[in-house]
Number of protein chains: 2
Amino acid sequence: MSVTNIDPEIIRLLKGSGARMTQKRQRILEALSSFDRPATAEEVRERAGLAPSDLVTVYRNLEAFQKVQILQRLPLENGTHLFELTAPGEHYHHLICRHCHKAERLDVCLSKSMEAKAKAKGFSQISHLLEVYGVCEDCRA
Amino acid sequence: MSVTNIDPEIIRLLKGSGARMTQKRQRILEALSSFDRPATAEEVRERAGLAPSDLVTVYRNLEAFQKVQILQRLPLENGTHLFELTAPGEHYHHLICRHCHKAERLDVCLSKSMEAKAKAKGFSQISHLLEVYGVCEDCRA
DNA sequence: ATTATTGCAAACCCTTTGCAACTTA
DNA sequence: TAAGTTGCAAAGGGTTTGCAATAAT
């Protein structure tokens, strides 16, 4: 029950940032890692076994996770977001189904070329977004 | 005053979709085309010389423009959006300053390879998002 | 003890919607 | 006159914030 399947490195990073390991935080982490696709905040809350009113806590934790770069936030076309645990410092790009949010990672990434180009133009604190959206076979009307 | 600098093709497309050319719509189009960068809905409203309460009208028009594919909506990292007129049916990718929204178009686009890959995986109605964010030289602290 | 986290409640803010009045074609 | 558009006012809905109570180190 209290045994976690969370990557120790993730726990180390969180503690290193001054964070404490609460039961809810642990549950949220476990919930996140149990998904095989990026999930909404609400889905995370539910899978973590938290009450609806705990959605705030979920958001606060997601923010904390993002700060230590173990979580990625993906924008959907409707203005909402999906969240996904990442290897520390990594980020991914996806092919995402607009309906069921099933997603698979794409093996493309522009980090190098893009960041170089952006830096050459005087930009700093560079990040980028690359996502492909569609409707998957199962969700096709 | 009533002379518009709007691409006739755009007007043709709008009319073809059943839209009517009202004064406000025209002003919104002109405002959009006057920007040298993607703009927020609020910025469009202001530049169009519309009252704050007309922001609704701006949004409704932006939606109409998007439908005929002469406008692109770009998500920012904070959950809001920028809007930009496009050549009919086209779309662009950008290097955008998080602070001033200054943007330049990137000469990369994944349409072909990505859409092919996505189709091969059974996806339909494919679209994609590719934006690079940073802080430009002028906005650097 | 000290500092982080949670709980509750409410605010935020961009964006959307309903419906009646008003234009455009 | 028929259909699209605007005005007004309000709701939506994901996300954030303030502050006191609580839990972790």
Side-chain angles (χ1 to χ4, degrees), chain A residues 2 4 6 11-29 31-32 38-46 48-68 71-84 98 101, chain B residues 2 4 6 11-32 38-46 48-68 71-83 98 101:
Chain A
S2 74
T4 125
I6 309 302
I11 294 180
R12 201 186 60 70
L13 274 169
L14 278 171
K15 293 199 168 162
S17 80
R20 295 170 184 182
M21 283 310 296
T22 66
Q23 193 179 112
K24 292 196 173 175
R25 173 160 293 160
Q26 204 164 304
R27 283 209 201 164
I28 292 168
L29 279 170
L32 276 167
T40 64
E42 173 60 23
E43 286 169 336
V44 172
R45 178 201 65 73
E46 188 169 21
L50 301 179
S53 71
D54 284 323
L55 187 56
V56 205
T57 297
V58 171
Y59 274 110
R60 281 196 270 229
N61 275 278
L62 294 174
E63 191 190 359
F65 300 162
Q66 235 185 323
K67 259 189 205 130
V68 295
L71 183 103
Q72 175 172 200
R73 172 188 276 214
L74 293 85
L76 291 180
E77 292 167 315
N78 66 5
T80 66
H81 302 269
L82 299 179
F83 301 88
E84 178 185 26
R98 272 189 279 267
H101 299 165
Chain B
S2 75
T4 125
I6 308 300
I11 294 179
R12 201 187 58 72
L13 274 169
L14 279 171
K15 292 200 170 163
S17 79
R20 295 173 183 180
M21 283 311 294
T22 66
Q23 193 180 110
K24 292 196 174 176
R25 173 161 293 159
Q26 205 163 304
R27 283 209 201 163
I28 292 168
L29 279 171
E30 284 167 357
L32 275 167
T40 65
E42 173 60 23
E43 287 169 334
V44 172
R45 177 200 66 72
E46 189 170 21
L50 301 180
S53 72
D54 283 324
L55 187 56
V56 204
T57 297
V58 171
Y59 274 111
R60 282 196 270 229
N61 275 279
L62 293 175
E63 190 190 2
F65 300 162
Q66 234 185 325
K67 259 189 204 129
V68 295
L71 183 103
Q72 176 173 202
R73 172 189 277 216
L74 291 86
L76 291 180
E77 293 168 316
N78 67 4
T80 66
H81 302 269
L82 299 180
F83 301 87
R98 272 189 279 267
H101 299 165

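Reminder, nothing fancy here: chain letters follow the sequence lines and each chain counts from 1. For clarity, every value in this text was computed on a predicted model and none was experimentally measured.
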Query raised in the report: Ignoring hydrogens and geometry, is there a side-chain-to-backbone donor-acceptor pair from Asp54(A) to Ala51(A) under 3.5 Å?
Result: yes
Nearest whole angstrom, please: distance from the [atom2] of [N] to the [atom1] of [X].
X        : N       : atom1 : atom2 : answer
Leu62(B) : dT6(D)  : CG    : C1'   : 15 Å
Ile11(B) : dT24(C) : CD1   : P     : 15 Å
Arg25(B) : dA25(C) : CZ    : C1'   : 13 Å
Asn78(B) : dC12(C) : CG    : P     : 17 Å
Leu29(B) : dT5(D)  : CG    : P     : 12 Å
Asp54(A) : dA9(C)  : CG    : P     : 13 Å
Asn61(A) : dT5(C)  : CG    : P     : 8 Å
Leu50(B) : dT5(D)  : CG    : P     : 15 Å

Report summary line: Sequence neighbours excluded, the answer for salt bridge (Lys or Arg N to Asp or Glu O under 4.0 Å) partners of Arg12(B) is Glu9(B)
Report summary line: Contacts of Glu46(B) meeting salt bridge (Lys or Arg N to Asp or Glu O under 4.0 Å) (sequence neighbours excluded), chain-then-number -> none
Report task. Sequence neighbours left out, what passes side chain to side chain donor-acceptor pair (under 3.5 Å) with Arg60(B)? Give chain and number order. Result -> none
Report task. Would you please name every residue forming a side chain to side chain donor-acceptor pair (under 3.5 Å) with Thr80(A), sequence neighbours left out? Result -> Asn78(A)
Query raised in the report: Taking all atoms of both residues into account, what is the closest heavy-atom pair of Arg27(B) and Ala48(B), and its distance?
Result: CD-O, 3.1 Å
**Report entry** Under 4.0 Å protein heavy-atom contact, by nucleotide of nucleotides 15-25 of chain D - B base, S sugar-phosphate only
**Finding:** BBBB----BBS
Query raised in the report: With a 4.5 Å limit on heavy-atom distance, are the side chains of Thr40(B) and Leu76(B) in contact?
Result: no
Report task. May I ask you to test the Leu29(A)-Asn61(A) pair for a side-chain heavy-atom distance under 4.5 Å? Result -> no
Query raised in the report: Which of these, Leu82(B), Leu50(B), Leu32(B), sits in a side-chain contact (heavy atoms from CB on, under 4.5 Å) with Val44(B)?
Result: Leu32(B)
Query raised in the report: So what does Thr40(A) touch, heavy atoms closer than 4.0 Å: a base, only the sugar-phosphate, or nothing?
Result: nothing
Requested in this report: Take the C1' atoms of the five end pairs on each side of the helix from dA1(C)-dT25(D) to dA25(C)-dT1(D), derive the two axes, and give their angle rounded to 10 degrees.
Outcome: 40°
